[in-house]
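Contents: one structure, followed by commentary.
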Amino acid sequence: MVAQQVALGAHPPVHNRPVGTNETFDIAGPAGRLEAILMRPDGEARAAAVVCHAHPLHGGVMHFKVVFRAAKALQGEGLAVLRFNFRGVGRSEGAHDAGRGEQDDVRAGLDELARRFPGLPMVAGGFSFGSTMALRAGCGDARVRALFGLGFPLSMDPDLAHLQACTRPRLFVQGEDDTIGPPPRLRALVDALPEPKTLVVVPGADHFFAGHLDELQESIRSWAATRPWEAA
């Protein structure tokens, strides 16, 4: 396992780099319309990613700063990135389904990317609740070649069998002071997972990476720069 304390590298801040265009549209989801934004990179996309937001019943939306920064990091490394609102959030139709139907929402996002970017490898990830949904859906989808979890809510997900069976590259980024997914417990989990895997602990950061969004973004950018989807 690659484990590290993250620090900004020699690259200029990702959020200051020129990027491509954004497109808003609706996806035909399993419970109705899903409100979505596609962030295109400059030039031809080398992969496509879905980034999922935090818990819908606790204010999670696709515009949340952690989700946006993750998407910008991936977009800056040449990925087309899809963010969407889970069912019952914003303009998305349906109602919260306690994490069951939300996994189908992730699959609908992956289907949309496959339609728009046929043949490209896909990446799935998210923040907090969204990381759980992305990893559950993504580990079971052969089209997904790499996965990531940000602020993984370890204390809220008792069944982790899907992670133990997943052998595709996985990145976990956790705040040092995250009380929902304490790093020592997460490190023990990641240590037991099959390779390849990377755990980044951001010093001084809480669950929401408040005051540490640059470090979060750089950790995702540096991981994406290695093109982990090509190693799967």
Interatomic spacing from [atom1] in [X] to [atom2] in [Y] - rounded to 0.5 Å:
X	Y	atom1	atom2	answer
N85	H53	CG	NE2	4.5 Å
L79	M122	CG	CE	12.0 Å
Q75	E77	CD	CD	11.0 Å

Taking a hydrophobic cluster as the set of Ile, Leu, Val, Met, Phe, Trp and Tyr residues connected by side-chain heavy atoms closer than 4.5 Å, whether directly or through intermediates, do I37 and V66 fall within one such cluster?
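Yes: a chain of side-chain contacts under 4.5 Å links I37 to V66.
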Cation-aromatic face contact R69/F209, 6.0 Å, 45 degrees:
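Cation-pi check for R69 and F209: fails.
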Using the rule given for side-chain contact (heavy atoms from CB on, under 4.5 Å), can you reason through H63 versus R83, listing the C-alpha separation, both sets of side-chain angles and the distance that settles it, and then say yes or no?
CA-CA 8 Å; H63 301 294; R83 291 180 288 144; 3.9 Å; yes
Is it true that R143 and D111 make a salt bridge, defined as a side-chain N closer than 4.0 Å to a carboxylate O?
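Judged by the 4.0 Å cut-off on N to carboxylate O distance, R143 and D111 do form a salt bridge.
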When you measure from the side chain of [X] to the backbone N and O of [Y], does any donor-acceptor pair fall under 3.5 Å?
X	Y	result
R107	A137	no
Q103	G99	yes
E176	P183	no

Got [X] and [Y] here, is their nearest side-chain heavy-atom distance under 4.5 Å?
X	Y	result
F148	V173	no
R136	T132	yes
S219	E215	no

State whether the number of non-hydrogen atoms from other residues, nucleotides or ligands found under 6.0 Å of F117 atom CZ is greater than 12.
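More than 12 within 6.0 Å, yes.
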Output, in order, the C-alpha distance, side-chain angles, deciding distance and verdict of side-chain contact (heavy atoms from CB on, under 4.5 Å) for W223 and V123.
CA-CA 12 Å; W223 177 73; V123 176; 4.3 Å; yes
Hey, mind stepping through F86 and H96 against ring pair (Phe, Tyr, Trp, His ring centres under 6.0 Å) and telling me if it holds?
CA-CA 8 Å; F86 281 118; H96 180 62; 8.5 Å; no
